[in-house]
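Taking it in order: structure first as structure tokens, then the write-up.
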There are 2 protein chains.
Amino acid sequence: MTIYDIAEKAGVSASTVSRIINNKPGVKAETREKIKKLLEEYNYTPDENARGLVKKATKLIGILLADIRNDHHSALAYVVERKLREYGYCSIILNAGYEPEMMVESIQVLEQRKVEGIILVGSTFQNAVVEKKLKESMLNIPVVLANGHLDLPNVYGILVDEISGVRQLVELLYAKGKRNIAFIASLGTLSSYRKLQGYEEGLKKYNLLEQKVIIEVGMEKEAGYTGCKKLLERYPYIDGIICAEDLMAVGAIRFLNESNIKIPEQIAVSGINNSIYGESCYPSITTLDNKMPETGLMAAETLIESLNGIDRPHKIMLFPTIIEREST
Amino acid sequence: MTIYDIAEKAGVSASTVSRIINNKPGVKAETREKIKKLLEEYNYTPDENARGLVKKATKLIGILLADIRNDHHSALAYVVERKLREYGYCSIILNAGYEPEMMVESIQVLEQRKVEGIILVGSTFQNAVVEKKLKESMLNIPVVLANGHLDLPNVYGILVDEISGVRQLVELLYAKGKRNIAFIASLGTLSSYRKLQGYEEGLKKYNLLEQKVIIEVGMEKEAGYTGCKKLLERYPYIDGIICAEDLMAVGAIRFLNESNIKIPEQIAVSGINNSIYGESCYPSITTLDNKMPETGLMAAETLIESLNGIDRPHKIMLFPTIIEREST
DNA sequence: TTGTACGCGTTATCAA
DNA sequence: TTGATAACGCGTACAA
């Protein structure tokens, strides 16, 4: 069912039908009613792609994330999709994986679809390969990088200040009387180094830098468990642990539970990222609210403003807050 | 950059460029090379939407789920998106919410985008309002309903046999010596009734139907905790609990932990759905693997086959398996 | 081997 | 108030 079909049935031209669909003036009320009825009857819906062709506006936005199953990413993507839809945009969500090559491939898909803007979710997109690709084929559309930053004229970065966040966690543990605070993390991503920096800054504030204990672990599920085990074998005097991810904290707590170590009396534990694990764990985990919904909202708004020709600051910083629970 | 621009630069016609892009024969090797170089140089990418217009094939698929943040949904959607992309399809993922009206609205978006097929994720889409909408405007494209079924010629249902799954859980608890097995659930969805049926069938097998104890709870996070509390106040002799969702089991286990009740010695607990909570809980939770990735794969394959004109059974059943952990 | 002409579904411009 | 026509970017039948 096209406007031509409708036009034929109504005995008018396609342009008239188009006018009515787009609520344009200059149509006799009578004709308007007649055609509106026909549109209803055949429940006609305009082809948004054909529309995009002539209007040079596909109303399509690409959302790239490493993995939709990751709850941080999906929490952010959810807000973005909803918000953009309010403004009439349709989102193409792609799992771009953790390899720069796959990211580039995904960007290519968005390029073919002629998206009007892109949202990259996660600091993993902040890499040279992606930057190069964006520079060579995405210079004329706005790109928002959630939790990262790229120095390109059309790229906006929304960042969460993980440094200050983790510093606050150190402060919290210090306030609880803990003086031997360890940090368990899987180093490698930019995000992890920012957290590390926050840890060190926190220690420095209390002249505890020499007590610094960092346990580097892998990305596997049991990392928190094995990391905590290793930690206590080497540094049995530890009384506070900051884990770079809630899931690690879950593993650490499991080890402490099994070892009959009292949480938080003997050892206080904190996670980071306010994931679903924190609340369900026993004891529940103190964590850092990483403001994913807020970041998503900010990302969506920034993109829309840019699409409307309004320029915003190219680097926006949000501040995480501590969610204190039983584990501290 | 269009094929015309490239054609002009090469001094040939647009059709020749088109032939090369689509690897069609009948082009002099020399011309082919020359134009290929130009395509590279200007890194031309065809407009997939314009292509869709003329080929009457958008290569677009719609994935509707209630909420991308729900880990069952995203686990399924992940597989589907990845698989469809392998076949050159691009996915439009929409959060359609839990209200039928919002679902219809989302279907409308897909209609405008002229998607070639739809995947509905979750039994919540199995309702009269959605069925009506599909019947009136989506009759000519294949629709796959993951975890549900609708009796329409173009709708395929992939189902997970929750009934047999929960029955197996009852059998497991029975084998562990438990004879007073309760069921905590938030009734209302089709899925929840299937689980309930499995519970009852399991009890019936051992002539325990009269010991049936059902605690109905809400959808809130603390449902498992409060439900378990209520359960033990009224039925203190209970020695086995099946929770309709892992998250409920987490809450229940928290209550049992706080009450110093030994798991599984005094009370064994099982969840359902194999979510991330189960493994991280202490003790870890026995649960039902609801085969989300497998369902997703099956859904994607069914859709693709149907798109290729191959008919498949309209109702496919997958069978969940028990993942036994510490809580039983 | 290559080019011309047309159509896909829509909107925009201009003329009637 | 309405209609004819061109254009968006592409693929394809047919002609050259």
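To find a chain, count down the sequence lines: A is the first, B the second, and so on, and within it residues start at 1.
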What side-chain hydrogen bond (donor to acceptor under 3.5 Å, both in side chains) pairs are there with at least one residue in residues 25-46 of chain A, not counting sequence neighbours? A:Thr45-B:Glu111
Mind jotting down which residue pairs meet the salt bridge (Lys or Arg N to Asp or Glu O under 4.0 Å) criterion with at least one end in residues 78-88 of chain B? Sequence neighbours excluded, please. B:Glu81-B:Arg85, B:Lys83-B:Glu86
Given B:Ile92, which of B:Leu60, B:Ile61, B:Thr58, B:Ile63 fulfils the side chain to side chain contact (heavy atoms under 4.5 Å, CB included) condition? B:Leu60
Spell out protein contact along nucleotides 1-10 of chain D as letters: B when the base is contacted, S when just the sugar-phosphate is, - when no protein heavy atom is under 4.0 Å; keep the 5' to 3' order. SBBB---BBB
Return the angle between end axes of the helix from C:dT1-D:dA16 to C:dA16-D:dT1, with five pairs used per end and rounding to 10°. 50°
Apply side-chain contact (heavy atoms from CB on, under 4.5 Å) to B:Thr189 and list each qualifying residue two or more places apart in sequence or on a separate chain. B:Ser191, B:Ser192
Salt bridge (Lys or Arg N to Asp or Glu O under 4.0 Å): pairs with one or both residues in residues 47-75 of chain B, sequence neighbours excluded: B:Glu48-B:Arg51, B:Asp67-B:Arg69
Can you sort out the partners of B:Ala96 under side-chain contact (heavy atoms from CB on, under 4.5 Å), two or more places apart, ordered by chain and number? B:Leu64, B:Met103, B:Ser106, B:Phe125
Holding to side-chain contact (heavy atoms from CB on, under 4.5 Å), I want the full list of residues that pass it with A:Val54, two or more places apart in sequence or in another chain. none
My understanding is that only residues two or more places apart in sequence, or in another chain, count here; which of them pass side chain to side chain donor-acceptor pair (under 3.5 Å) with B:Asn49? none
Going 5' to 3' on DNA chain C, which nucleotide is the first and which the last to come under 4.0 Å of a heavy atom in chain B? C:dT1 to C:dG9
Partner residues of A:Tyr156 under the ring-ring contact (aromatic ring centres under 6.0 Å, His included) criterion, sequence neighbours left out: A:His314
Taking salt bridge (Lys or Arg N to Asp or Glu O under 4.0 Å) as the cut-off, I'd like each qualifying pair that reaches into residues 136-146 of chain B, sequence neighbours left out, listed once. B:Lys132-B:Glu136
